[in-house]
Number of protein chains: 2
Amino acid sequence: MPRPSTPLLSRARIRERALAMVDAEGLTGLSMRKLAGELGVQAPSLYSHYRTKDELLHDIADELMSTVDVSDFAGTDWAAGVRTWARSYRAALAAHPNMVPVLATGPARRETSLARADAVHGGLVRAGWPPRYATMIGASTKYLVLGAAMSSFSRGFEDDVQVYVDRYPHLDQAHRLRDHADEIDADSFEMALDAFLDGLSAMRTRLADR
Amino acid sequence: MPRPSTPLLSRARIRERALAMVDAEGLTGLSMRKLAGELGVQAPSLYSHYRTKDELLHDIADELMSTVDVSDFAGTDWAAGVRTWARSYRAALAAHPNMVPVLATGPARRETSLARADAVHGGLVRAGWPPRYATMIGASTKYLVLGAAMSSFSRGFEDDVQVYVDRYPHLDQAHRLRDHADEIDADSFEMALDAFLDGLSAMRTRLADR
DNA sequence: ACCTGAACACCGTTCAAGT
DNA sequence: ACCTGAACACCGTTCAAGT
């Protein structure tokens, strides 16, 4: 066979197809052989571009995390900073729930990830929070985001869906149930964020009055 | 070979050994063949006791979830109910961080799981929370617990550990770092729970005054 | 530099057969 | 009822070889 002048694969093309497979069939639905097949190539070819499957997944994770917005920590309102960060973070995970387990284990590119963590921490400290509190607020906001995302992720494993589909044979109903669960998740997240930030504000006042 | 009078395996013995393997080597470190080997048996023998690996894992998950305490929802203080629930829930996950991804996808025994959910929801409604809020409080408390547990889980994947070990060759230091991270997680969780419940109390007052 | 064929060392699970 | 040996249909990854 004649060698084509241009490479068959690129990292971007591999990522794109891999993410589509994960979205459609979950993390276990992605295999290097099947991915290669969809890209019209043999499995070992992928290893010319990514050293391992894990490296590929974390590269995708980095791509997704780039939409997380920490810009509001530049302003004077620390609560607004947390809110924008938490919402954009959650949105990034909710767009690809099957990727959540990978995203939870941390992105591969440490520099950009550390830069984000530094923006959060720096913003909180500039707003007058003691460093230790800044760390804890950053950590617990992450808990809220990750936990909410895990909830959407795990919904993919519920066999309840089948039960409901049997009970209500109209597909609309099943979709409505899924939509309703997503809505409860969204509302619960917003309520939790409100209560959490409200409680922190009170804590902040107590700290200042001391 | 003579057939022994007593079965070689039991569900309890399989669960015990499987959980030990998951604790020691992670979820990927558990294989039906290796597990069978440790139990002095061939892999297919396990299928006389569990239909699939997934069923085994979720049975272990159920066992772990049985330590979650929702008894304080019987009292009059809804916040105490949430606190006891959240803490015992988190403790159950923190004891076996590698099981978190399984525990996050929900236990298999729906009845006991639903009974717990009902105790939470019922306790909140009896305390005067509108049903919709009871649902959201239950959901967001779970987010906090699962998110905090995922954080411990993902720490197992950090290659940072190696970096630090290189920098500080004394193993004590590495252990201290891990302990420190666990401590930050514990403190952050408690702070988040305080702020969250504080914010909810304020919200509750506003709802009552309307 | 990029891709392939063949191979290694694994998986979960099934199934006929043994006791 | 419980366990085994052999087999099926997969995995991720390596490596020598080709262009």
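In what follows, chains are A, B, ... by sequence order, proteins preceding strands, each numbered from 1. From a predicted model like this one, the values you see are computed outputs, not experimental measurements.
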Pairing of DNA chain D as dot-bracket, 5' to 3': ( ) intra-strand, [ ] crossing, | other strand, . unpaired, with Watson-Crick or G-U pairs under 3.5 Å?
-> ||.|||||...|||||.||
Please assess A:Asp187 against B:Arg132 for the test salt bridge (charged side-chain N to carboxylate O under 4.0 Å, His left out), listing each intermediate value before the final yes or no.
-> CA-CA 10 Å; A:Asp187 289 355; B:Arg132 180 165 180 82; 2.4 Å; yes
Using the side-chain contact (heavy atoms from CB on, under 4.5 Å) rule, take A:Trp85 and A:Asp69 through it: C-alpha gap first, then chi angles, then the decisive distance, then the call.
-> CA-CA 5 Å; A:Trp85 173 46; A:Asp69 182 1; over 6 Å; no
Are B:Leu9 and B:Leu39 close enough, and set up right, to give a side-chain contact (heavy atoms from CB on, under 4.5 Å), and what steps lead you there?
-> CA-CA 8 Å; B:Leu9 297 176; B:Leu39 291 163; 3.8 Å; yes
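Dashed line: the shortest gap from a side-chain N or O of A:His49 to OP1 or OP2 of C:dA1 is not under 4.0 Å.
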Atom pairs under 3.5 Å: protein N/O with N/O of nucleotides 13-15 of chain D:
{"residue": "D:dT13", "atom": "OP2", "partner": "A:Tyr47", "partner atom": "OH", "Å": "2.7"}
{"residue": "D:dT13", "atom": "OP2", "partner": "A:Lys53", "partner atom": "N", "Å": "2.9"}
{"residue": "D:dT13", "atom": "O5'", "partner": "A:Tyr47", "partner atom": "OH", "Å": "3.4"}

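A donor-acceptor contact closer than 3.5 angstrom links the side chains of A:Thr84 and A:Asp72. Donor-acceptor pairing under 3.5 Å is recorded for the side chains of A:Thr135 and A:His121.
Counting non-hydrogen atoms under 4.0 angstrom, A:Leu39 reaches nothing in the nucleic acid. Within 4.0 Å (heavy atoms only), A:Ser45 reaches at least one base atom of the nucleic acid. Nucleic acid contact for A:Ser48: base, since at least one base atom lies under 4.0 Å from a heavy atom of the residue. Nucleic acid contact class of A:Leu46 (heavy atoms, under 4.0 Å, all strands): none.
Counting to the nearest Å, the C1' atom of D:dG12 and the CD1 atom of A:Ile14 are 15 Å from each other. Per the geometry, CG belonging to B:Leu30 stands 16 Å off P belonging to C:dC10, to the nearest Å. Put simply, CD on A:Gln42 is 8 Å from C1' on C:dG5, counting in whole angstrom units. When rounded to the nearest whole Å, the span between OH of A:Tyr50 and P of C:dC3 equals 14 Å. Regarding B:Leu8, its CG atom lies at a distance of 16 Å from the P atom of C:dT19, rounded to whole Å. Straight-line distance from the CG atom of A:Leu27 to the P atom of D:dC11: 15 Å, rounded to whole Å.
Rounded to whole Å, the C1' atom of D:dC3 lies 13 Å from the corresponding atom of C:dC15.
Remark: B:Arg11 engages B:Asp59 in a salt bridge, criterion side-chain N to carboxylate O under 4.0 Å. Ion pairing between a basic and an acidic side chain is recognised when a charged N comes within 4.0 Å of a carboxylate O; B:Arg83 and B:Asp194 show such pairing. At a threshold of 4.0 Å, the pair A:Arg155-A:Asp185 counts as salt-bridged, since one of the basic side-chain nitrogens sits closer than that to a carboxylate oxygen.
The backbone N or O of B:Phe73 sits less than 3.5 Å from a side-chain atom of B:Arg126, completing a donor-acceptor pair.
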